[in-house]
Amino acid sequence: MIELRDIHCVRLGTKNLDQAEKFATEIVGLQSVNRKEKLVYLRSDWRHHSVCYFEGETSEQSVCFELKDWRALERSLQQLEQAGIACGQGTKQQAEERYTYDFGWFDDLSGNRIELFVRPYEANRPYHGVRPTGIKGFGHIGLNSSDPERDQEFWLSHFNAKVSDWIGPAPLLRVKNVHHQLALFPTQKGPGIQHINHQVETIDDLMRAVYFLQSNGIKIVFGPGRHITSGGYFLYFEGPDGMTYEFSTSDRHIIEDDENHRPRQYPMEAESFCVFGAKPDIEEFKE
Ligand SMILES: [Fe+2]
């Protein structure tokens, strides 16, 4: 069993680094902590960064989790290798670029690149965005899956992941006692990150974002609404390179009794995503 502590960050390739940085800072409200020629690190909380954009293909994306046991990298990679999963050890230079002490990588069965971080760097200065967004920190991601049943089995059998709820075939998975850090959405688009969530303090922050995004010509693709699963208020909007960003308050849903939590099955319908009845303009959230 590979024990993950939490989701840590995402790495996103972009053809237009300036545009990506501008959106991440001015629109999302992240803090650019280190801009280099070909990459930029964006902070939202206690982590050194939660988003890293680098110059590259937009298909080059990875999701990074922190290993619970900092001594477990070698045996984690061995376990994956024995299961026939493409995986490898990161180089020292790649680790430095990721602001983590060490790391390994693997490709899940849908072809998503996942990285396992050991001792990722903390922020040594507090996060502050360029405008008051109420951002509390990085929350979770949605991930493309060509077969959610198969990929769910992969995450459940190799990792400490547990199902908190399902919407249709899509499992919302947790590796800690917060409702979800990873959700697998069915699509034939190929591998990729389906959405990136940051948590905000209050519904006021969320509603303020609605009007801010509208006045800046940013397309809202779902919400404002409230998830029936986590109970969190949410807002999804369109970012650069076709990426969907989300603000929500869903991390307030703490799984009190982890062992006995009963995952609920909801139908794959718009009503299962929003109790208010907001309709998603997000392909993977439609029936
Ligand atoms: Fe989400």
Side-chain angles (χ1 to χ4, degrees), residues 6-10 12 24 27-30 44-45 50-51 61 63-65 112 133-145 148 151-152 155 161-187 189 192-203 205-207 209-210 213 218-239 242-255 263-264 266 268-276 278-286:
D6 199 355
I7 193 164
H8 191 77
C9 64
V10 291
L12 306 168
I27 302 300
V28 184
L30 305 181
S44 62
D45 52 26
S50 59
V51 177
Q61 298 180 346
V63 182
C64 313
F65 285 88
N112 293 295
T133 52
I135 286 178
K136 281 172 63 182
F138 185 39
H140 62 260
I141 59 141
L143 198 59
N144 291 349
S145 170
D151 290 349
Q152 167 180 269
W155 284 98
K162 289 179 180 169
V163 179
S164 288
D165 285 314
W166 293 275
I167 303 174
L172 308 180
L173 300 168
R174 69 181 187 281
V175 296
K176 59 178 188 177
N177 69 345
V178 170
H179 190 273
H180 61 281
Q181 290 76 57
L182 173 67
L184 305 174
F185 291 105
T187 179
K189 276 183 193 166
I193 297 172
Q194 189 262 353
H195 74 269
I196 297 170
N197 170 283
H198 285 87
Q199 295 290 308
V200 294
E201 291 276 359
T202 66
I203 190 169
D205 298 313
L206 212 108
M207 293 308 297
V210 170
L213 295 172
I218 305 300
K219 188 178 174 194
I220 291 171
V221 290
F222 192 19
R226 190 174 190 195
H227 286 310
I228 199 165
T229 45
S230 63
Y233 297 103
F234 67 79
L235 178 67
Y236 294 81
F237 52 100
E238 209 169 74
M243 180 55 69
T244 301
Y245 275 85
E246 181 192 14
F247 282 154
S248 80
T249 62
S250 53
D251 277 11
R252 286 180 187 170
H253 189 122
I254 303 295
I255 306 289
R264 298 160 300 176
Y266 290 97
M268 183 52 103
E269 294 171 359
E271 287 81 357
S272 302
F273 285 94
C274 182
V275 292
F276 298 159
K279 297 282 184 251
D281 188 8
I282 298 175
E283 211 178 296
E284 297 76 37
F285 290 177
K286 292 177 184 173

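Every number for a ligand or one of its atoms is a count from 1 in the order of the listing. Residue numbers start at 1 and run along the sequence shown.
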- Message: Students often mix this up, so state it plainly: with edges at 30° and 60°, are the rings of Phe185 and His195 parallel, tilted or perpendicular?
- Response: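 Phe185 vs His195 ring planes: tilted.
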- Query: Would you call the rings of Phe222 and Tyr236 parallel, tilted or perpendicular, where under 30° means parallel and over 60° means perpendicular?
  - Reply: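 The rings of Phe222 and Tyr236 lie parallel, inter-plane angle below 30°.
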- At a cut-off of 2.8 Å, protein N/O/S around the Fe ion (ligand 1) gives His140 NE2, His195 NE2, Glu246 OE1
- Task: Could you tell me whether His8 and Phe65 have their ring centroids closer than 6.0 angstrom?
- Result: no
- Could you list the residues that satisfy ring pair (Phe, Tyr, Trp, His ring centres under 6.0 Å) with Tyr233, not counting sequence neighbours?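 Not a single residue meets the ring pair (Phe, Tyr, Trp, His ring centres under 6.0 Å) criterion with Tyr233.
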- Take Lys189 and Gln194, measure what side chain to side chain contact (heavy atoms under 4.5 Å, CB included) needs, and give me the verdict at the end. CA-CA 10 Å; Lys189 276 183 193 166; Gln194 189 262 353; over 6 Å; no
- Message: For Lys219 and Asp281: C-alpha separation, side-chain torsions, deciding distance, then whether salt bridge (Lys or Arg N to Asp or Glu O under 4.0 Å) applies.
- Response: CA-CA 10 Å; Lys219 188 178 174 194; Asp281 188 8; 3.1 Å; yes
